[in-house]
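Side chains included, hydrogens not; waters and symmetry mates left out as well; all remaining heavy atoms used.
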Amino acid sequence: MSCFSLSSFTTPLCVPSKNSSLSNQKRRLIQCSLGGTVVEPKATAASEPLLLNAVRGQDVERPPVWLMRQAGRYMKSYQIICEKYPSFRERSENVDLVVEISLQPWNVFQPDGVILFSDILTPLSGMNIPFDIVKGKGPIIFDPIATAGDVDQVREFSPQESVPYVGEALTILQKEVDNKAAVLGFVGAPFTLASYVVEGGSSKNFTKIKRLAFSQPKVLHSLLQKFATSMTKYIRYQADNGAQAVQIFDSWATELSPVDFEEFSLPYLKQIVDAVKQTHPDLPLILYASGSGGLLERLALTGVDVVSLDWTVDMAEGRRRLGHDIAVQGNVDPGVLFGSKEFITNRIHDTVTKAGKGKHILNLGHGIKVGTPEENVAHFFEVAKAIRY
């Protein structure tokens with residue numbers, strides 16, 4: 001066992017030595033001697049999951065850890081379900097399957113966050129936007145939106161009517177996890193959802209959404225407003241049915257320049273956060289945008305509780321730019337999980353050290369990649385959960 005001080009903090013971070021047995025360390029109290037005084041992990045509020053305590057700035061013994069796409073194709077148990085149920089929508093819109101898949105990583109790795117197995121496009125059918133998710137092609141929007149008349153046909157989302165299976169699944173997950181971890185819900189951000197429905201699916205250049213933004217901004221703003229109102233309802237619905245924190249994915253907002261982000265994304269994110277905080281003031285909201293280095297300070301202006309950093313931002317620099325009043329999440333490169341166990345261990349320690357003590361959720365900077373060795377994911381969790389501040 002070795003100890004070293006976190007930058008700008010006096011409390012030592014205890015990490016396993018290379019020759020230590022992590023499995024044994026998880027079964028005993030990890031101790032660190034500093035100046036003749038034994039520093040032991042501090043008890044956290046037993047009634048709340050570690051992740052919630054960390055986000056709220058309470059004293060925690062280690063950073064909580066979960067991984068984006070932790071329930072997915074790298075797991076053999078998930079592959080078996082895919083063979084039986086090849087349609088993604090069938091897997092993500094069936095209560096029993098959603099619960100089973102969401103709990104797969106919980107049963108194996110015991111992460112500190114258990115995220116609902118779903119998709120950010122799940123609400124679209126309930127908004128009168130037909131779509132499918134096709135293996136090998138990804139999302140397909142059957143009737144892409146291009147005009148004001150198309151926007152008029154978009155209905156505001158009623159989660160209770162359109163996706164009751166989401167509420168049912170979250171309720172079951174909360175009972176199954178029983179506060180040993182936080183149950184996480186998630187939604188898509190207005191600009192990202194608009195990008196999918198205007199482009200007709202995934203895009204490389206985003207020419208259609210930008211053409212609409214720059215030639216018919218009123219049409220796009222009308223669509224964004226419908227998504228903002230709908231996602232506000234969806235977050236509240238998830239919270240009312242068991243989600244203890246909700247992550248907002250604005251994956252494509254970083255395709256915008258800063259000035260355009262301030263017009264087409266930021267106001268709607270802020271509107272969602274403000275509205276949710278009025279009814280659910282204690283619900284932690286996490287915001288993730290891939291490739292967000294150029295927009296980092298603007299992401300914090302949304303009012304979210306946590307900004308999730310992707311791996312292209314140095315964690316120490318991200319902390320300095322955001323300040324310590326806001327929590328951070330991330331941000332190990334998902335590709336690291338293809339490396340050796342020693343390499344994975346070193347990157348975890350580097351990230352935790354740079355994040356500093358408290359208000360940090362250890363995660364990847366993006367979702368787990370297809371083909372990631374499951375044993376390396378297990379090692380990630382094992383190392384992460386053995387760390388002590």
Side-chain angles (χ1 to χ4, degrees), residues 22-23 26 49-51 64-122 132-139 163 165-186 238 241-245 247 249 332 334-341 344 348 361-364 366-386:
L22 288 173
S23 58
K26 289 199 298 182
L50 177 66
L51 187 147
V65 56
W66 70 279
L67 302 182
M68 287 183 275
R69 292 183 185 163
Q70 64 188 16
R73 287 174 286 179
Y74 72 96
M75 296 191 73
K76 295 181 178 64
S77 53
Y78 180 72
Q79 294 171 12
I80 293 171
I81 292 178
C82 290
E83 291 174 3
K84 189 173 181 180
Y85 304 96
S87 166
F88 178 87
R89 289 196 61 182
E90 183 177 7
R91 296 193 297 274
S92 62
E93 297 177 13
N94 176 293
V95 174
D96 293 337
L97 292 177
V98 169
V99 170
E100 180 179 355
I101 295 169
S102 300
L103 288 176
Q104 284 179 345
W106 167 249
N107 293 331
V108 178
F109 310 122
Q110 297 282 295
D112 297 301
V114 175
I115 192 164
L116 175 77
F117 179 75
S118 186
D119 193 87
I120 63 171
L121 301 185
T122 294
D132 201 358
I133 298 176
V134 180
K135 185 178 180 180
K137 294 183 178 180
V163 293
Y165 50 86
V166 168
E168 293 175 37
L170 284 168
T171 300
I172 296 170
L173 287 174
Q174 190 183 44
K175 291 178 181 177
E176 289 288 331
V177 176
D178 193 29
N179 260 8
K180 296 180 181 69
V183 173
L184 308 175
F186 69 93
Q238 292 186 28
N241 284 277
Q244 295 166 290
Q247 179 154 313
F249 285 89
V332 178
V336 166
L337 292 176
F338 290 99
S340 68
K341 289 182 170 58
I344 294 169
I348 291 171
I361 303 170
L362 181 61
N363 205 316
L364 300 177
H366 199 278
I368 297 177
K369 301 293 185 183
V370 176
T372 297
E374 190 170 339
E375 61 269 24
N376 285 1
V377 177
H379 180 73
F380 188 102
F381 280 111
E382 195 171 22
V383 172
K385 296 182 77 172

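One distance of note links OG of S92 with CD1 of I101; it measures 8.0 Å at 0.5 Å rounding. With rounding to the nearest 0.5 angstrom, the CE atom of M75 is 10.5 Å from the CD1 atom of I80. Annotation: the span from L67 atom CG to I361 atom CD1 amounts to 12.0 Å, rounded to 0.5 Å. A distance of 5.0 Å separates CG in L170 from CG in L116, rounded to the nearest 0.5 Å. One distance of note links OG of S77 with CG of N107; it measures 8.5 Å at 0.5 Å rounding.
Across P64 and L50, no two heavy atoms sit closer than the pair CA-CD2, 3.9 Å. Closest of all the heavy-atom pairs between I344 and V336 is CG1-O, 3.3 Å. Of all heavy-atom pairs between L97 and E90, the closest is CD1-O, 3.9 Å. When all heavy atoms are compared, the tightest approach of P49 to A182 is CB-N, 3.6 Å. Of all non-hydrogen atoms in A181 and G113, the two that sit nearest each other are CB-N, 4.1 Å. Summarising the geometry of P373 relative to L337, their closest heavy-atom pair is CD-O, 3.7 Å, with the distance given to 0.1 Å.
With sequence neighbours excluded, the residues that form a side chain to side chain contact (heavy atoms under 4.5 Å, CB included) with D96 are N94. In this view, Q247 and Q329 satisfy the side-chain hydrogen bond (donor to acceptor under 3.5 Å, both in side chains) rule, not counting sequence neighbours. Legend: residues meeting ring pair (Phe, Tyr, Trp, His ring centres under 6.0 Å) with Y165, ordered by chain and number and at least two apart, are absent. Qualifying side chain to side chain contact (heavy atoms under 4.5 Å, CB included) partners for K76, counting only residues two or more places apart in sequence or in other chains: E374. Not a single side-chain hydrogen bond (donor to acceptor under 3.5 Å, both in side chains) links S102 to another residue, sequence neighbours left out. In this structure R91 satisfies the side-chain hydrogen bond (donor to acceptor under 3.5 Å, both in side chains) test together with Y78, sequence neighbours excluded. Considering only residues two or more places apart in sequence or on other chains, F88 meets the ring pair (Phe, Tyr, Trp, His ring centres under 6.0 Å) condition with F117. For P334, the side chain to side chain contact (heavy atoms under 4.5 Å, CB included) partners are W311, L364, H366, K369, not counting sequence neighbours. For Q244, the side-chain hydrogen bond (donor to acceptor under 3.5 Å, both in side chains) partners are N179, not counting sequence neighbours. Under the rule for a salt bridge (charged side-chain N to carboxylate O under 4.0 Å, His left out), the partners of E93 that lie at least two apart in sequence or sit in another chain are R89.
A heavy-atom distance below 4.5 Å is not found between the side chains of K385 and F109. The shortest side-chain heavy-atom distance between P86 and K135 does not fall under the 4.5 Å cut-off. At a threshold of 4.5 Å between non-hydrogen side-chain atoms, the residues V370 and Y74 do not count as touching. Looking only at side-chain heavy atoms (C-beta outward), F186 and I120 come within less than 4.5 Å of each other. At a threshold of 4.5 Å between non-hydrogen side-chain atoms, the residues F380 and Q70 do not count as touching. Residues N363 and W66 form a side-chain contact, since some pair of their non-hydrogen atoms from C-beta on lies under 4.5 Å apart.
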Output a table of donor-acceptor pairs, distance under 3.5 Å, between side-chain atoms of residues 171-178 and any protein atom two or more places apart or on a different chain; print 'none' if there are none.
residue : atom : partner : partner atom : Å
T171    : OG1  : G167    : O            : 3.0
T171    : OG1  : N241    : O            : 3.0

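Note on residues 110-119: pairs passing side chain to side chain donor-acceptor pair (under 3.5 Å), not counting sequence neighbours, are R62-D112, S118-T122.
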